[in-house]
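Okay, so here's the structure we're looking at.
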Amino acid sequence: MCDAILAKTMPCSGLRLALLQRSGRTLIVSLLTAFVMESVLAMALTMLNNPWDSSFSFVWWTAFSRSIPIGLLIALFMGFYMKPKMDQMRKANLARA
């Protein structure tokens, strides 16, 4: 259903539509991965370095907000650069075998 709506609203070829959908999925997965990883890491560091008092949420938010830019950068790099390279190497290895 979403494909039909997207195809009607965007006058583009099927290849461009497939690339757009793949890029959108990669972007969403990269963003979700970064947020989950940075949330868990910020929680672990906050639990180790901060007592369980009223300042816990503020310290967690500070750790999370400082780490999320680097986490996003790493996740986007892995999703858009490294994964296609690894897929390409895997296909070449399978073709060789």
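Hydrogens, waters and symmetry mates play no part in the numbers below; they use all other heavy atoms, side chains included.
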* Side-chain heavy atoms under 4.5 angstrom apart, residues restricted to Ile, Leu, Val, Met, Phe, Trp, Tyr: same cluster for Leu48 and Val59? -> no

* Asked: In the single-linkage hydrophobic clustering (I, L, V, M, F, W, Y; side-chain heavy atoms under 4.5 Å), do Leu76 and Phe35 co-cluster?
  ->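 Leu76 and Phe35: one cluster.
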
* **Ring centers of Trp61, Phe64 separated by less than 6.0 Å** =>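 Here the rings of Phe64 and Trp61 have centres that are less than 6.0 Å from each other.
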
* Run the numbers on Phe77 and Ser30 for side chain to side chain contact (heavy atoms under 4.5 Å, CB included), then give the verdict. => CA-CA 9 Å; Phe77 173 75; Ser30 296; over 6 Å; no

Rounded to the nearest 0.5 Å, what separates atom [atom1] in [X] from atom [atom2] in [Y]?
X: Ile68; Y: Leu41; atom1: CD1; atom2: CG; value: 10.0 Å
X: Met89; Y: Leu94; atom1: CE; atom2: CG; value: 12.0 Å
X: Thr26; Y: Met78; atom1: OG1; atom2: CE; value: 13.0 Å
X: Glu38; Y: Leu72; atom1: CD; atom2: CG; value: 7.5 Å

* **Heavy-atom closest pair, residues Ser54 and Ser57** => O-OG, 4.2 Å

* **Heavy-atom closest contact (Ala34 atom, Gly71 atom, distance)** => CB-O, 3.6 Å

* Asked: Excluding sequence neighbours, so at least two apart, what forms side-chain contact (heavy atoms from CB on, under 4.5 Å) with Phe56?
  ->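 Here the qualifying residues are Met43, Thr46, Met47, Asn50, Trp52.
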
* Is it the case that more than 12 heavy atoms not belonging to Ile70 sit under 6.0 Å from its CD1 atom? -> no

* Worked check of side chain to side chain contact (heavy atoms under 4.5 Å, CB included) between Leu27 and Ser23 -> CA-CA 6 Å; Leu27 179 66; Ser23 296; over 6 Å; no

* Could you verify whether a donor N or O on one side chain and an acceptor N or O on the other, from Asn93 and Arg90, lie under 3.5 Å apart? => no

* Given the rule in the salt bridge (Lys or Arg N to Asp or Glu O under 4.0 Å) test, do Lys83 and Asp87 qualify, once you have shown the distances and angles that lead to the verdict? -> CA-CA 6 Å; Lys83 185 176 182 314; Asp87 290 342; 2.9 Å; yes

